[in-house]
Amino acid sequence: MKRIHQILFAFLFIIQIHGQVTNENKARIIILATGGTIAGSGESSTKSAYTAGKIPIDNLLNAVPEMYKYADIKGEQIAQIGSQDMNIETWLKLSNRINQIFENNEADGVVVTHGTDTQEETAYFLSLTINSKKPVVLVGAMRPATAMSQDGNKNLLDAVMVASSPESKEIGVVTAMNEEIFAARDVTKTITTSIATFQSRNFGPIGLIYDGKVSYYYKTLRNPAKKFNIKGLKTLPLVEIVYGYADAKPSAIIAAQKDRAAGIVYAGMGNGNFNATVGKALESASKDGIIICRSSRTGGGRVTLYNEVDDKALGFIVADDLNPQKARILLMLALTETKDKIKIQDMFFNY
Ligand code: ASP
């Protein structure tokens with residue numbers, strides 16, 4: 001009997017030691033929840049109607065117990081909104097909290113649950129303002145948590161795997177969804193309802209997640225070491241986006257001027273083109289001190305200097321390959337540091 005006790009004791013001791021060892025080896029991940037369809041709830045599992053940002057963080061965590069195999073996890077609720085309501089105040093709060101987490105060494109990686117509508121904007125904002133190379137993985141879902149074949153649980157598990165993978169140690173801010181990893185700078189939502197909505201139109205995914213394994217193939221070189229300092233900021237300079245189309249009128253540009261915008265991102269046709277009327281309004285806004293940044297509504301490629309437009313004469317800058325919504329973010333942040341167009345243009349060619 002005594003012998004059996006000894007064997008049992010030794011067995012329990014080994015299990016405990018093993019548990020401690022694996023615990024020690026597990027990455028510490030903090031999940032910051034902001035809402036979105038991943039926390040969405042609907043009346044029916046087969047109909048599309050639902051409300052985003054209903055389900056709190058604890059319920060999201062409880063729904064995916066598998067992720068505790070990969071990491072020690074804590075959750076925090078930062079916001080509970082559909083990402084169409086994302087705003088500068090929440091961006092600042094989120095970025096400050098993530099900087100604090102890394103400064104205090106509270107975690108090895110962060111996962112941010114977020115709606116998909118503006119996820120690309122939040123990801124790019126974070127990539128320009130977080131002073132750490134540690135992984136920050138944004139994740140969402142296209143189907144609400146109550147839907148049949150919902151994609152949120154699997155996406156969340158994958159995001160935790162990405163954030164805790166040794167391969168991700170210096171990856172910085174990425175999105176992980178539908179088994180694909182994208183650089184924050186390049187990812188964009190391309191389809192209104194498909195679970196394969198996130199794409200990088202110019203460069204593709206940088207990595208893949210499959211069968212519990214995270215594999216990287218590329219890294220972006222556009223990830224500057226020097227980040228914008230947002231500590232203490234309450235808001236950002238006003239930058240508006242004006243859309244280009246056939247026979248467009250200048251009213252949106254005049255309105256932005258009246259609102260004292262510091263910058264206008266023009267989402268132009270083709271290589272950032274505009275008609276003569278819009279061109280005159282943009283030129284007048286530029287003379288008024290507003291930074292005019294030409295981007296493209298096409299969704300792919302770059303906008304190049306001095307093509308059909310004489311940027312030098314007009315005093316315009318270009319967005320390079322950033323889409324209009326991301327160009328707005330870089331311009332807002334750039335304007336917190338300088339109004340010098342040469343310096344800002346340089347940022348667009350390097351960030
Ligand atoms: N409107 C939702 C949101 O962005 C859509 C989604 O999450 O997929 O919060």
Side-chain angles (χ1 to χ4, degrees), residues 30 32 34 78-79 83 86-107 109-110 112 114 118-138 170-175 182-188 200 219-241 260-265 289-295 303 316-351:
I30 295 183
L32 302 177
T34 69
I78 295 287
S83 76
M86 188 46 70
N87 51 58
I88 289 169
E89 199 187 331
T90 311
W91 279 343
L92 294 170
K93 183 177 171 188
L94 188 59
S95 182
N96 281 320
R97 177 64 187 122
I98 297 172
N99 273 325
Q100 184 188 44
I101 287 172
F102 291 143
E103 268 161 36
N104 296 344
N105 192 19
E106 292 176 54
V110 167
V112 180
H114 195 295
T118 59
Q119 190 172 133
E120 63 194 85
E121 292 170 61
T122 302
Y124 190 46
F125 178 81
L126 295 178
S127 78
L128 294 173
T129 58
I130 289 176
N131 301 306
S132 170
K133 289 183 177 169
K134 285 186 181 174
V136 175
V137 185
L138 282 90
E170 302 214 324
I171 206 68
V173 186
V174 294
T175 69
F182 290 97
R185 179 182 188 282
D186 302 326
V187 68
T188 190
S200 156
K219 252 188 187 173
T220 177
L221 298 176
R222 296 291 196 92
N223 199 356
K226 186 191 154 293
K227 305 294 175 182
F228 291 99
N229 182 6
I230 49 131
K231 230 178 190 166
L233 291 184
K234 295 265 176 285
T235 187
L236 295 175
L238 178 66
V239 175
E240 295 288 9
I241 298 175
R260 305 198 149 277
I264 293 175
V265 171
I290 300 177
I291 306 281
I292 307 297
C293 176
R294 294 193 299 116
S295 64
V303 171
F316 297 170
I317 62 169
V318 292
D320 195 28
D321 65 330
L322 289 180
N323 66 24
Q325 57 272 31
K326 290 195 184 184
R328 171 176 170 261
I329 288 167
L330 181 52
L331 187 50
M332 286 191 298
L333 287 168
L335 282 163
T336 63
E337 287 191 353
T338 181
K339 282 197 142 200
D340 183 328
K341 280 182 207 165
I342 295 171
K343 284 190 184 146
I344 297 177
Q345 181 64 83
D346 204 52
M347 292 178 194
F348 274 93
F349 286 146
N350 288 289
Y351 286 20

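Bear in mind the structure is a predicted one, so any value in this text is a computation, not a measurement.
The closest side-chain heavy-atom distance from Asn223 to Arg185 is not below 4.5 Å. Between Ile264 and Ile291, the closest side-chain pair of non-hydrogen atoms is not below 4.5 Å. Considering only heavy atoms from C-beta on, Val112 stays 4.5 Å or farther from Gln119 through its side chain. Using a 4.5 Å heavy-atom threshold, the side chains of Val136 and Phe102 count as touching. With contacts defined as side-chain heavy-atom distances shorter than 4.5 Å, the pair Thr34/His114 qualifies. Two residues are said to be in side-chain contact when any heavy atoms from C-beta on lie closer than 4.5 Å; Leu138 and Val174 fail this criterion. When side chains are defined from C-beta on, Leu92 counts as touching Phe125, because their heavy atoms get closer than 4.5 Å. Val110 places a side-chain heavy atom less than 4.5 Å from the side chain of Ile101.
Distance CD1/Ile98 to OG/Ser132: 10.0 Å, rounded to 0.5 Å. How far CD1 of Ile230 is from OG of Ser95: 3.5 Å, rounded to the nearest 0.5 Å. Atom CD1 of residue Ile342 and atom CE of residue Met347 lie 12.5 Å apart, to the nearest 0.5 angstrom. Atom-to-atom distance recorded for Asn99:CG and Asn131:CG is 4.5 Å, nearest 0.5 angstrom. Rounded to the nearest 0.5 Å, atoms CG (Leu331) and CD1 (Ile317) are 5.5 Å apart. For the atom pair Ser127 OG and Ile329 CD1, the distance stands at 8.5 Å (nearest 0.5 Å).
Considering every non-hydrogen atom in both Glu240 and Ala261, the closest pair reads CG-CB, 4.4 Å. Here the closest non-hydrogen pair linking Ala123 and Thr175 is CB-CG2, 4.1 Å. The two residues Ser295 and Val303 come nearest to each other via the heavy atoms C-CG2, 3.5 Å. Closest of all the heavy-atom pairs between Ala319 and Phe348 is CA-CD2, 3.6 Å.
Checking side-chain atoms of Gln325 against main-chain N and O of Glu121 turns up no donor-acceptor pair under 3.5 Å. A donor-acceptor pair is defined here as one N or O able to donate and one able to accept, closer than 3.5 Å; no such pair exists between the side chain of Thr129 and the backbone of Phe228. Remark: side-chain polar atoms of Asn229 are paired, donor with acceptor, to backbone N or O of Lys231 under 3.5 angstrom. Checked by atom type and distance alone, the side chain of Thr118 pairs as donor or acceptor with a backbone atom of Ser83 at under 3.5 Å.
No hydrogens or angles considered: a donor-acceptor pair under 3.5 Å links the side chains of Thr90 and Asn87.
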Check: Given Ile88 and Met332, is the side chain to side chain contact (heavy atoms under 4.5 Å, CB included) satisfied, shown in steps?
Finding: CA-CA 10 Å; Ile88 289 169; Met332 286 191 298; 3.9 Å; yes

Next item on the list: Report the C-alpha distance between Thr188 and Phe182 in whole Å, list the side-chain angles of each, state the deciding distance to 0.1 Å, and finish with yes or no for side chain to side chain contact (heavy atoms under 4.5 Å, CB included).
Entry: CA-CA 9 Å; Thr188 190; Phe182 290 97; over 6 Å; no

Notebook entry, point to check: Should Glu89 and Thr235 be marked as a side chain to side chain contact (heavy atoms under 4.5 Å, CB included) after you check the CA-CA gap, both sets of side-chain angles, and the distance that decides it?
Noted result: CA-CA 7 Å; Glu89 199 187 331; Thr235 187; over 6 Å; no

Notebook entry, point to check: After noting the C-alpha distance and the side-chain angles of Val187 and Ser200, does the key distance pass the side chain to side chain contact (heavy atoms under 4.5 Å, CB included) rule?
Noted result: CA-CA 5 Å; Val187 68; Ser200 156; 5.6 Å; no

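Within the structure, side chain to side chain donor-acceptor pair (under 3.5 Å) contacts touching residues 326-337 (residues at least two apart or in different chains) are Lys226-Glu337. Pairs of residues two or more places apart, or lying in two chains, never qualify as salt bridge (charged side-chain N to carboxylate O under 4.0 Å, His left out) while including a residue from residues 339-351.
Ion pairing between Arg97 and Glu106 holds under the 4.0 Å rule for side-chain N and carboxylate O. No salt bridge links Arg222 with Asp186; every basic N to acidic carboxylate O contact stays at or beyond 4.0 Å.
Surrounding NZ of Lys227 are more than 12 heavy atoms belonging to other residues, nucleotides or ligands, all under 6.0 Å away.
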